[in-house]
Every structure is written in structure tokens, then in C-alpha cells.
Amino acid sequence: YHAKQRGNHYLFFNDSMNEQAVKRLQIENLMRFGLKEDHFVVYYQPKMDIKTGRLVGMEALVRFITPKKGIISPGIFIPIAEETGQIIEIGEVVLDKACKDVKRWIDQGLFDGRVAVNLSAKQFSLPDLTTRIDIILQKNQLPSYFLELEITEGTIMDDPQEAISIMRSLSARGIHLAIDDFGTGYSSLAYLKQFPLNTLKVDKAFVDDMSSERGRNMVDSIVTIAHNLDLHVVAEGVEKAEQLSALEQLNCQTIQGYFYSKPLCAADFTSFLRAQKQRESHSQPKLK
Ligand code: C2E
Ligand code: MG
Ligand code: MG
Ligand code: MG
């Protein structure tokens, strides 16, 4: 309707919109094919205890490896998969593979913590979510104790009352729940204490800001609030030694970031676990 008034401007806008729509459609088709052909792979990023330097867990992160276009970043395909609903199937593939890998690492005596898997808003609001998760855990013979689910503020603030009841049923199974990218979304402190959460993940944006005093005060406040609510704190996207020591001073227990390791494919993560085990058996006398 503004076509005549805006002239070329409208045309330009229209073209770029078309281009975007075409790209989205291409990725949607690639994902449909990729789901059939098993092109979704899970990488793992260690979560380390700041004080002991020990591995305490890991986050499963999906990678979309296409034969023709190479690796497509989650930042590009996840939002599209959210819109098309494909995230439901992708999320289940990730959960299934993560359970399988972790079960193997546990059986090999290489790991006995939790694997954190991201849960999208679409998955979270599935009426049979808990059944779907139970089935995948059972299929892989993995007790729910080994699972943590990461959800964002947006996911739970959409319908907080409903979210509380879904989270309670997950929590009742022994599944841990983490709030991801904390501080970037719109969540109310009043609700934060009502959610059955175990972990709060401080978003990378806050960690990046820690070179200034104001930035450090911000993280200090977040960590204090989390601890007052009995939440375990994980700082995301830690890249530098200075960030690490600043976080240690603020009593943040766990960090995840390139400083320790980028996300690794399952084979490389196995090597990481073996190296960790080696280090531990040298440094610490066995108590049992
Ligand atoms: P997220 O859940 O907050 O995951 C952390 C992201 O930060 C990952 O990006 C990780 O590779 C990146 N990261 C970790 N440490 C550093 C660091 O030191 N420096 C920098 N620059 N980046 C770091 P990734 O793997 O690209 O994933 C991006 C987002 O995509 C995730 O953010 C999550 O929201 C989403 N995602 C990834 N896998 C899944 C999945 O299986 N399901 C769903 N629903 N979402 C997923
Ligand atoms: Mg996450
Ligand atoms: Mg995050
Ligand atoms: Mg994120």
C-alpha cells in the first residue's frame, strides 16, 4: 500500500524480504533433509569448577553439518527451526544423542555428573513433554539424575504459572533445571524464587563487561541474588584469565567458556575426559 509513495524504496525492501524468505526456505528444506540423513551432531562444552579446576558437567550443543554448505551455526538455524516447529524433532535428536554419549561415559567410568541439554520454548510447551523425555531416558538406560535442562527466561515468562507446573513435574523426576542466558530476557525477580530452579547461567554479555567496575558490580549482584535463592551459578563465555579471577572473587563456582575449552565433538570430549581423569588420579589421593 505504500508502494507508490515510497517508490524504489518499497521495491528494495520487498526484494530483500524475498531474499530472506528464500534463504529461510532453503534452510528449512536443508533441516528436513538433515533430520532424515542424520546431519545433526552434538558437541559438548565442559563446565569447570573454578577452585579445583575439575570438570563438573557439560552442555550439549547442536551442530548442523551439511554436506554441501558445511556447518551451519545454531544462531542461524535454531530461530528458523523454532518458527517451523522443526526444533521439536531436532531437540529430541540432541537429547537422544546426549543421553547415549553420557551413558557411555558413565559406563566407562569417565564421568558421573550431569549433561545439560537446551530445551526450546516449543518443546517446553508440548503437552506430553515429560513422557517424551521419560521415553528417551529409558531408551538409553540413563537415570534422570544425570540430566539438566536449560531453559531461557522467555520460555518461562510466557506463562509463568504453567511453567511452574511443568518445571515441578520435571524436577520431581530428579531432572535439574537451569535458567539460561540470565539477564538478557525479561524475567521478574518475584517469579525467580517461585521456579523450581537449580542453576542460574550468567549470560556471556555480563562476563564480557567485567573489565569495568560497574560490570563487575552487576555480576556481583546477580551472583548474590542467585546464592540467596540457593541457586548454583555458572558463568558463560569465559575467555580470559582476568575474567576467571574476577569471577572467583565473586564466589561464582562454575565456569563454561573458551578459556577451558570450546565445544568438542564426542570423540574429542572423550579425550578431554580421559585427560581429566589422568590429572585427578595424579593430584588427589583416592579416598575410597
Ligand atoms: P547457549 O545455550 O547460551 O550456549 C552457549 C553458547 O555460547 C554456545 O554457542 C557456545 O558455543 C558459546 N560459547 C561458549 N563459550 C564461549 C566463549 O568463551 N566465547 C564465545 N564467543 N562463545 C562461547 P552455540 O553452540 O553457537 O549455540 C548458540 C545457541 O544456540 C545456544 O546458546 C542455544 O541457545 C542454542 N542451541 C544450541 N544447541 C541447542 C539445542 O540443542 N537446542 C536448542 N533449543 N537450542 C540450542
Ligand atoms: Mg544453553
Ligand atoms: Mg546461554
Ligand atoms: Mg544463548
Side-chain angles (χ1 to χ4, degrees), residues 27 31 34-35 39-48 50 57-65 70-102 114-126 129 132-133 136 147-156 176-185 187 197-210 222 226 232-244 247 254-266 268-269:
I27 290 174
M31 288 193 288
L35 277 165
H39 292 163
F40 291 93
V41 173
V42 182
Y43 275 47
Y44 299 92
Q45 188 175 34
K47 294 183 185 178
M48 310 294 289
I50 240 175
M58 72 285 245
E59 178 173 9
L61 293 156
V62 68
R63 295 292 177 264
F64 183 20
I65 303 176
I71 297 187
I72 303 178
S73 142
I76 292 176
F77 73 83
I78 296 269
I80 300 172
E82 288 269 1
E83 278 185 44
T84 62
Q86 287 166 306
I87 191 66
I88 294 170
E89 206 179 326
I90 294 169
E92 291 196 353
V93 168
V94 172
L95 181 61
D96 183 46
K97 291 189 176 188
C99 289
K100 191 167 295 139
D101 286 333
V102 169
R114 287 179 192 262
V115 61
V117 178
N118 293 285
L119 194 71
S120 85
K122 273 265 164 65
Q123 290 175 281
F124 189 75
S125 56
L126 286 168
L129 173 70
R132 285 168 182 251
I133 292 172
I136 295 172
L147 183 62
E148 178 161 62
L149 295 171
E150 296 191 0
I151 42 194
T152 60
E153 292 166 85
T155 299
I156 50 183
H176 271 193
L177 298 168
I179 187 157
D180 202 357
D181 304 343
F182 183 79
T184 62
S187 70
L197 287 162
N198 304 91
T199 306
L200 182 151
K201 297 190 80 177
V202 180
D203 193 74
K204 180 178 189 301
F206 295 102
V207 174
D208 286 342
D209 244 27
M210 288 186 83
I222 296 172
H232 185 87
V233 179
V234 178
E236 293 190 282
V238 179
E239 295 178 346
K240 302 179 200 133
E242 305 86 76
Q243 295 172 329
L244 189 82
L247 285 161
T254 307
I255 62 152
Q256 181 183 343
Y258 294 176
F259 179 82
Y260 274 110
S261 172
K262 289 197 169 188
L264 304 169
C265 69
D268 289 345
F269 197 80

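Indexing begins at 1, ligand by ligand and atom by atom, following the structure's order.
Nearest-heavy-atom check against atom 3 (O) of ligand 1 across I87, V42, L61, D181 picks out D181. When the heavy atoms of Y43, F124, F77, Y258 are ranked by distance to atom 17 (C) of ligand 1, first place goes to Y258. Here the shortest heavy-atom distance to atom 25 (O) of ligand 1, taken over E59, R63, Q243, E82, belongs to R63.
The side chain of P263, and not its backbone, has at least one atom closer than 4.0 Å to an atom of ligand 1 (non-hydrogen atoms only; side chain from C-beta on). By the criterion of a heavy-atom distance under 4.0 Å, both the backbone and the side chain of V62 are placed next to ligand 1. The part of V94 lying near ligand 1 is the side chain, judged by heavy-atom distances below 4.0 Å.
Close contacts between ligand 1 and G257 involve ligand atoms 15 (N), 18 (O) [criterion: under 4.0 Å to a heavy atom]. Near E239, with a cut-off below 4.0 Å to any heavy atom, the atoms of ligand 1 are 17 (C), 18 (O), 19 (N), 20 (C), 21 (N). Within ligand 1, the atoms closer than 4.0 Å to a non-hydrogen atom of D180 are 1 (P), 2 (O), 3 (O), numbered from 1 in the order shown.
A distance-only check finds a donor-acceptor pair linking the side chain of K97 to the backbone of F40 [under 3.5 Å]. Side-chain atoms of E236 do not come within 3.5 Å of backbone N or O of Q256 as any donor-acceptor pair.
Remark: ligand 1 and Q123 share no N or O pair separated by less than 3.5 Å (distance only, no angle test). Taking only nitrogen or oxygen atoms, main chain and side chain alike, Q45 reaches within less than 3.5 Å of ligand 1.
Counting backbone and side-chain atoms alike, E59 contributes an N/O/S atom closer than 2.8 Å to the Mg ion (ligand 2).
Contact between S120 and T155 at its shortest, heavy atoms only, is C-OG1, 4.5 Å. A pairwise comparison of heavy atoms in P79 and P74 identifies CD-O, 3.5 Å as the closest pair. Contact detail for P263 and R63: the closest heavy-atom pair is CG-NH2, 3.6 Å. Annotation for R114 and L147: closest pair NH1-O, 3.0 Å, computed over non-hydrogen atoms.
Under a 4.0 Å N-O distance rule, the pair K201/E148 does not qualify as a salt bridge. With respect to D96 and K100, a salt bridge is recorded, a charged nitrogen being found less than 4.0 Å from a carboxylate O.
By the 4.0 Å heavy-atom criterion, G75 is excluded from the residues contacting ligand 1.
Rounding to 10 degrees gives 100° for the angle at the Mg ion (ligand 3) between OE2 of E236 and OD1 of D180.
Exactly one residue among T152, I156, T199, I151 makes a side-chain contact (heavy atoms from CB on, under 4.5 Å) with I179. That residue is I156.
If you look at D181 and ask which of its N, O or S atoms sits nearest the Mg ion (ligand 3), the answer is OD1. Atom OE1 is the N/O/S atom of E150 found closest to the Mg ion (ligand 2).
Under the rule for a side-chain hydrogen bond (donor to acceptor under 3.5 Å, both in side chains), the partners of K204 that lie at least two apart in sequence or sit in another chain are D208.
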